[in-house]
Amino acid sequence: PHCRWILYQLSHQGSPIEDELEMTMVCHRPEGLEQLEAQTNFTKRELQVLYRGFKNECPSGVVNEETFKQIYAQFFPHGDASMYAHYLFHAFDTTQTGSVKFEDFVTALSILLRGTVHEKLRWTFNLYDINKDGYINKEEMMDIVKAIYDMMGKYTYPVLKEDTPRQHVDIFFQKMDKNKDGIVTLDEFLESCQEDDNIMRSLQLFQNVM
Amino acid sequence: MAAGVAAWLPFARAAAIGWMPVANCPMPLAPADKNKRQDELIVLNVSGRRFQTWRTTLERYPDTLLGSTEKEFFFNEDTKEYFFDRDPEVFRCVLNFYRTGKLHYPRYECISAYDDELAFYGILPEIIGDCCYEEYKDRKRENAERLMDDNDSENNQESMPSLSFRQTMWRAFENPHTSTLALVFYYVTGFFIAVSVITNVVETVPCGTAPGSKELPCGERYSVAFFCLDTACVMIFTVEYLLRLFAAPSRYRFIRSVMSIIDVVAIMPYYIGLVMTNNEDVSGAFVTLRVFRVFRIFKFSRHSQGLRILGYTLKSCASELGFLLFSLTMAIIIFATVMFYAEKGSSASKFTSIPASFWYTIVTMTTLGYGDMVPKTIAGKIFGSICSLSGVLVIALPVPVIVSNFSRIYHQNQRADKRRAQKKARLARIRVAKTGSSNAYLHSKRNGLLNEALELMGTPEEEHMGKTTSLIESQHHHLLHCLEKTTGLSYLVDDPLLSVRTSTIKNHEFIDEQMFEQNCMESSMQNYPSTRSPSLSSHPGLTTTCCSRRSKKTTHLPNSNLPATRLRSMQELSTIHIQGSEQPSLTTSRSSLNLKADDGLRPNCKTSQITTAIISIPTPPALTPEGESRPPPASPGPNTNIPSIASNVVKVSAL
């Protein structure tokens with residue numbers, strides 16, 4: 001019991017209003033600094049900086065989807081980042097509770113910034129797999145790609161055409177779907193990504209973000 | 001992007017990994033993180049109160065003082081902190097802005113002080129949060145109004161020399177305090193308004209009976225007298241109206257203004273009456289017109305501030321009054337209808353129709369209760385009581401709004417008047433302070449000369465030094481002195497009393513030239529030994545020989561080798577000569593503005609007596625008042641009479 005809950009959060013997902021009420025009453029304090037340091041790949045100092053930013057935006061200690069969306073939207077003022085943020089949130093919220101605690105947040109960040117290639121790809125697969133069934137099908141990929149394109153907004157050059165996302169998804173599936181059965185499994189995904197130099201290189205891009 | 005969210009940038013960048021497998025082309029390189037500093041605490045010392053915050057907090061707003069490199073100007077190397085010599089209270093709000101992204105305006109803070117601080121830190125007031133923005137705007141508006149008020153009253157009081165006759169007249173009309181004539185006019189018109197109103201009233205009073213006839217009102221008994229009075233008043237009013245019309249800067253606007261309409265309405269009945277006296281039919285209408293004469297009483301509003309405020313209040317409360325009227329009308333109609341139908345049954349009821357019931361309802365709702373119409377049925381009585389109760393409520397509701405409006409406007413006016421009255425006293429005090437500072441310059445000049453003289457003499461002489469001036473003051477005075485030297489002019493003290501006061505410092509007195517001459521003339525009889533001649537420097541040395549020259553009966557100008565033109569260009573006001581006082585027998589002829597000539601002749605045997613001589617020395621090289629023999633200068637000019645106090649007396653411009 002390192003976590004102290006002022007109000008115990010019910011396990012079932014309530015309606016959004018209930019969630020909000022709970023959110024205002026819940027105040028979560030994270031595990032100790034040492035433990036987090038052990039669990040993640042961050043130093044104490046980095047954890048401190050992360051927590052300060054986290055606490056500033058979410059004084060209650062947990063972030064819910066609305067806040068998540070708002071924060072993420074601030075970085076993309078021209079487009080609509082809400083869908084992508086939605087998928088992100090569900091990727092962060094591993095326990096599907098509807099709120100992301102600081103530990104979850106830091107764990108995911110640790111993977112994304114300091115993890116191995118394998119871990120990163122795994123996490124990305126999890127992001128794409130919206131229904132968390134272990135497979136990515138075309139519809140899920142369409143949703144993801146559309147969400148990414150949405151973030152660009154309306155005023156782009158060249159102007160976004162109707163079927164650009166579809167084409168993009170087709171290219172993706174061509175690359176990833178080894179046995180052409182219309183779905184991409186984790187192994188296919190890992191294999192295909194490791195073959196692609198571009199992807200490998202881009203995964204290392206954010207190494208020293210902190 | 002909001003400031004606090006910057007802390008989430010690592011997260012956003014990490015989340016971008018989700019795009020990588022989808023991307024078809026290679027990604028751009030990440031920006032190198034030069035100057036990768038660990039986030040550090042910086043200390044901000046504001047007037048002694050230390051605030052500490054993270055560097056990144058301040059860098060959220062890079063276009064402010066604290067967020068940019070501008071703060072490096074305030075960095076103190078020794079203490080490794082940033083020092084600001086400003087108000088720590090307001091700084092608290094400023095720093096909170098960096099922390100939370102919202103700028104608040106504390107109520108207890110003065111608006112202009114707050115604005116100054118914001119301007120200093122480079123923060124726009126527009127970003128004040130919604131919670132405090134209204135308050136800020138209100139206070140700002142009040143302040144602006146006050147400033148405008150002050151400016152207006154200043155403009156009014158300034159003498160504008162280039163006013164045309166018409167403009168002076170208009171000013172006299174609008175502002176009776178500007179000249180006595182205006183004041184007289186003001187009171188005369190007021191008097192005549194009162195007379196007119198009183199005659200109108202008295203006209204109708206029954207005035208004793210003429211024998212054998214019924215009582216007549218005074219108007220008819222003394223009709224001639226009243227007619228004359230009326231004529232006189234109307235003439236005055238007409239003249240006044242025409243004068244105002246002539247003087248108004250915008251005649252069209254004047255004609256449309258309320259006051260002029262009242263004026264016209266007040267005097268029209270008389271003229272119409274003049275025109276129509278013969279016609280019998282219209283005389284009935286003429287009598288009605290006389291009612292309008294009562295409007296003359298409204299002319300008093302020019303004379304009374306309170307009346308004007310009342311009118312203005314009613315105008316500004318028009319909506320409340322309208323609401324009052326509307327709700328009353330609704331209630332009257334409702335209750336009149338009810339009463340009519342309730343009383344329909346009773347015989348010989350006065351409630352003959354609904355409009356007839358209006359009268360009852362109004363009288364009851366305003367709690368007048370004349371009693372001329374009274375309900376007789378039980379239902380009527382019940383509804384009648386409900387009517388009177390609700391009347392009180394309906395009237396009581398909008399009235400406080402009107403009252404508070406009136407109170408606010410009235411107090412605003414009071415405050416404006418008070419401010420104007422206090423302003424005069426304030427300005428007078430400020431003026432005294434200013435002259436005090438200019439005196440300080442003179443003091444220090446004198447003392448400065450003294451100090452140098454004493455240094456030259458080498459005698460320790462403390463008491464006469466006067467108070468020591470701060471570095472800033474001394475530098476300021478030096479600056480003024482340099483200006484004097486540059487231009488060859490000098491500052492004047494225009495108040496003789498001031499120079500007397502300043503001369504009360506022991507033994508240091510201002511002398512004006514005439515007195516000086518006089519004294520020197522008189523003391524020329526005496527023999528004064530001379531001390532060593534002054535140094536060649538531009539400052540006076542020790543002189544005693546104000547009359548050493550004199551004994552030679554040469555009329556040397558003190559700055560004898562100066563070309564006369566130089567002397568003439570100097571506007572010397574007074575001279576004092578400096579005397580070294582090593583020899584006790586030294587005497588100086590001193591004269592002061594107030595001393596009589598013989599006083600100045602008192603030989604001064606005290607040691608270390610120094611009278612400062614204020615001497616104008618346009619350029620040092622030109623001045624070398626020297627030793628004894630000196631060719632008499634060709635010296636026309638105002639200083640001809642001054643005997644040769646000569647070389648040792650260096651004239652310095654006074655003041």
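Each chain gets a letter, A, B and so on, in the order the sequences are listed, and its residues count up from 1.
- Neither the backbone nor the side chain of A/Met200 comes within contact range of chain B; no heavy atoms are under 4.5 Å apart.
- For the pair B/Arg60 (side chain) and B/Arg99 (backbone), a donor-acceptor distance under 3.5 Å is present.
- Under the 3.5 Å distance criterion, the side-chain polar atoms of A/Gln96 are matched with a main-chain donor or acceptor of A/Asp93.
- Cation-pi geometry between B/Arg49 and B/Phe91 is not met: the NZ or CZ atom fails to fall both under 6.0 Å from the ring centre and inside 45° of the normal.
- A salt bridge links A/Glu46 with A/Arg114: at least one charged nitrogen is closer than 4.0 Å to a carboxylate oxygen.
- Residue contact with chain B, scored on non-hydrogen atoms closer than 4.5 Å, is absent for A/Phe125.
- Contact tally against chain B (heavy-atom pairs below 4.5 Å) for A/Tyr84, A/Phe172, A/Trp123, A/Phe189: the top residue is A/Tyr84.
- Note on ring orientation: taking the six-membered ring where Trp is involved, the planes of A/His90 and A/His86 are perpendicular (angle over 60°, cut-offs 30° and 60°).
- Heavy-atom distances place the side chain of A/Phe68, and not its backbone, under 4.5 Å from chain B.
- Residue A/Tyr87: no heavy atom, backbone or side chain, is found under 4.5 Å from chain B.
- Per-residue counts of heavy-atom pairs under 4.5 Å with chain B were compared for A/Ile148, A/Asp197, A/Leu121, A/Val145; the largest is that of A/Ile148.
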